[in-house]
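Excluded from the calculations below are hydrogen atoms, water molecules and symmetry mates; all remaining heavy atoms, backbone and side chain alike, are included.
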Amino acid sequence: MRLRQEGTTAMAIASATTSENPSWREEAVEPRHSWSNAPFPYPASGNAVSAHLCSHGQIESVFLLIAGVALLFVVVIAGLVWMAELPPPDQEPVCISGAIRACGLEEGSCAAGVQTCLEGTWGACEGEILPGQEACNGLDDDCDTEVDEGACGCMPGDVKPCGSNIGSCNEGQQLCDSSGIWGECVSAVQPSPDLCGDSVDQDCDGQDAICPAPPIDQGCQDLDGDGFGSSCPAGADCDDSSPLISPATAELCGDVLDNDCDLAVDEGCCQDADSDGYGPSCSLGADCNDTDATVSPGAAEVCGDGIDQDCSGGDLECPAAESGNSPGPAALSDVSYGGETNQVFDWYNPFYEEGITPVEPWPVIVYSHGGSFITGNETIDPESSPFKEFLQNGYAVVSVRYRLAPVGNPLPPPGPGQAIFPDQPQDVGKAIQFIRANAETYYVNPAHVIGYGESAGATHMNYLSFGPDLSTPSFPYSSRPDFLVNQHGATQWNLFATYLPGNYFGYPTLADVPSATIDAASATYWINNQDAAAIPTLSIYTQTKGTPPLTLAHDALSGEVLQNALLVNASVPLGYQNEFHYDLGLGLPGAEIAAIIVPWLEANGV
């Protein structure tokens, strides 16, 4: 019997008989496929078809098992996917609704906040202060337990050196302030402009400045004529506009100038507020009243005025007046008007001989002596002309001593008791101020001050009459005379021969004096260029016959005669008259001088 296999499916009939199933036909055929490597061993006994079918049933069971496992695998995977898509099962609540707890960081500038439980879950942290950027403020802004780390330039209280120790410099110190910022450098000597060639490193760059070579073929550029300036052999000048300032000039007290170019003003000078020579650190001693120049230990005491002029502790009692005596002191000597050596005058009362009492204060003639600016003093003989005539005609006389110019070769700077222009004429001006300030004491009319000078003294009076007034708000007394008597005084300095001495200006010769200084000393300069006030002027010019021309300051041919005439004619105040007297003879004796001056004063109402 052979089985037919249709397609890929083998149908097995478990029965040995086929008559009951007509669809099956028994054919004696060989099987198409072999189910084993060896021929199927039919058993010797039993049903051969049953045994064959049995073998085929085992194979189908294996296939069924594999199919089942595959189906189970698919079901498991599908189940897992389905379960992953399901929502999670309900969880247990983590907190009780309405509960509150702290949250956040409690450190440094940070502060904790609060969390509230809502439906079993903790809400957001509210109210907390989070870490910030670290700032230099003494706080832990980033809440890392460190304060100001990396935020400050320095730590408050720290100290470090500053500046330099090179050359003239010295180090100082800097202090870190409370804001973490370095303060200013204190106690340090800072660099300054370097002065070349002095072997000092002022600018602290490690070397002294090298002085530039003088310009080629330019020579000395000395604008003020003091020997110092650009490319000058003597050296540079710290102020080339003033002959009173140079490295070789001695420091002058009271002019508020650095005369010696040492960057200090009036060093070594006493502190004399009223310029009477007395005060703290002054060589003459202390002053009992440093606001009044008429009061000092060296001042002359005036009796009966209620003022302690000489700082003796009280006023001097005046002696009993004799019948017919006039007010005011009869005669005084060496009355100090400025406090410096040689700043004194002598006083003469016009009526001390006759004993006639005047009905009004006297006019006063302030006399300035001659002597080429280097000799002479205030000493006069009141019994000689023209002073005797002055006193007899009712004029008080004040004869002034002023400081003299230095003499020498080479010419030295002014020493004690010496002065140069403009201090020389200003000495006489201070005496006029002193007389006006004490007019009541001396019984004089402060509006009738006659400035009378001879030669050098007349030059002083010319300058005072038309040049700057010395009055100040603190000492409001004019240094300008009300009337000028010029007896052969210089009026225009540039008319003098260039070989004349220049010591009046602090120079070896007149040719060395700057033109600006020459102008400032000339009365005609102030009249022509500065609108000087008009002052009644009497000019007297005398000259000895036979004097060679151009050899003396008083020579007629030098131009002084013409300038004296111009001085008189320059301006005439309303109601006054000016006069010019010129005599080229043997000169006028004192009595003839008085015969000119007294009538002129009387004609002008003095």
Side-chain angles (χ1 to χ4, degrees), residues 244 250-257 259 265-302 305 307-316 329 332-347 364 366-369 373 376-379 398-406 413-439 441-442 449 457 460 464 468-479:
L244 301 179
E251 190 69 21
L252 301 177
C253 294
D255 62 354
V256 198
L257 296 175
N259 305 95
V265 175
D266 289 351
E267 69 274 15
C269 300
C270 68
Q271 303 300 313
D272 181 11
D274 56 8
S275 301
D276 59 5
Y278 294 83
S281 302
C282 296
S283 59
L284 296 179
D287 197 346
C288 62
N289 186 348
D290 207 23
T291 62
D292 189 345
T294 66
V295 178
S296 72
E301 183 67 27
V302 178
D305 63 352
I307 301 174
D308 179 20
Q309 283 96 351
D310 60 1
C311 297
S312 62
D315 185 27
L316 177 66
L332 296 171
S333 298
D334 295 334
V335 178
S336 175
Y337 63 82
E340 294 282 347
T341 302
N342 292 333
Q343 288 182 330
V344 296
F345 65 73
D346 290 349
W347 163 271
V364 56
V366 179
Y367 174 68
S368 179
H369 66 82
F373 309 102
N377 56 49
E378 82 284 10
T379 302
V398 172
S399 182
V400 180
R401 183 195 303 178
Y402 51 84
R403 291 173 291 173
L404 302 176
Q418 295 180 329
I420 59 175
F421 176 83
D423 290 345
Q424 270 201 352
Q426 288 179 358
D427 280 2
V428 181
K430 289 179 180 179
I432 293 176
Q433 288 183 291
F434 181 91
I435 293 298
R436 283 198 169 104
N438 295 274
T441 298
Y442 291 95
V449 176
H460 295 333
L464 291 172
D469 195 336
L470 300 181
S471 63
T472 63
S474 60
F475 197 62
Y477 301 99
S478 176
S479 61

Asks: Sequence neighbours excluded, which residues qualify as side chain to side chain donor-acceptor pair (under 3.5 Å) partners of D290?
Replies: none
Asks: Does Q424 use its side chain to pair, donor to acceptor, with the backbone of F421 at less than 3.5 Å?
Replies: no
Asks: Starting from the C-alpha separation in whole Å, work towards a yes-or-no answer on side chain to side chain contact (heavy atoms under 4.5 Å, CB included) for V295 and I307.
Replies: CA-CA 8 Å; V295 178; I307 301 174; 4.0 Å; yes
Asks: Which residues satisfy the side-chain contact (heavy atoms from CB on, under 4.5 Å) test with N438, sequence neighbours excluded?
Replies: T294, F434, T441, Y442
Asks: Considering residues at least two apart in sequence or located in another chain, which fulfil the side chain to side chain donor-acceptor pair (under 3.5 Å) criterion with N377?
Replies: T379
Asks: Looking at residues at least two apart in the chain, or sitting in another chain, which of them share a side chain to side chain donor-acceptor pair (under 3.5 Å) with D346?
Replies: none
Asks: Would you name the heavy atoms of G429 and L464 that are closest together and state the gap between them?
Replies: N-CD1, 3.5 Å
Asks: Identify the two heavy atoms, one from P413 and one from A250, that lie closest to each other, and give their separation to 0.1 Å.
Replies: CB-CB, 4.1 Å
Asks: Holding to side chain to side chain donor-acceptor pair (under 3.5 Å), I want the full list of residues that pass it with E378, two or more places apart in sequence or in another chain.
Replies: R401
Asks: Please enumerate all residues that pass side-chain contact (heavy atoms from CB on, under 4.5 Å) together with P297, with sequence neighbours excluded.
Replies: Y278, D287, C311
Asks: What pair of heavy atoms forms the shortest contact from S336 to G339, and how long is it?
Replies: OG-N, 3.4 Å
Asks: Atom NZ of K430 and atom CG of L470: how far apart are they, to the nearest 0.5 Å?
Replies: 7.5 Å
Asks: Testing N342, T341, D427 for side chain to side chain donor-acceptor pair (under 3.5 Å) with R403, which one passes?
Replies: D427
Asks: I need the S471 OG to R436 CZ distance, nearest 0.5 Å.
Replies: 9.5 Å
Asks: Going through the checks in order, is the side chain to side chain contact (heavy atoms under 4.5 Å, CB included) test met by S368 and Y402?
Replies: CA-CA 8 Å; S368 179; Y402 51 84; 3.5 Å; yes
Asks: Show the nearest heavy-atom pair for residues L404 and G376, with the distance to one decimal.
Replies: CD1-O, 4.0 Å
Asks: Measure from the side-chain N and O atoms of Q418 to the backbone N and O of G415, and report whether any donor-acceptor pair falls under 3.5 Å.
Replies: yes
Asks: Of all residues at least two apart in sequence or in a different chain, which pass the ring pair (Phe, Tyr, Trp, His ring centres under 6.0 Å) check with Y337?
Replies: none
Asks: Using side-chain contact (heavy atoms from CB on, under 4.5 Å) as the criterion, list what pairs up with S312, not counting sequence neighbours.
Replies: D308, D310
Asks: If the condition is ring pair (Phe, Tyr, Trp, His ring centres under 6.0 Å), which residues does Y367 pass it with, not counting sequence neighbours?
Replies: F387, Y452
Asks: Just to verify, what does T472 make a side-chain contact (heavy atoms from CB on, under 4.5 Å) with, not counting sequence neighbours?
Replies: S474, F475
Asks: Would you name the heavy atoms of N259 and L244 that are closest together and state the gap between them?
Replies: ND2-O, 3.2 Å
Asks: For D469 versus S479, what's the shortest heavy-atom pair and its separation?
Replies: OD1-N, 2.9 Å
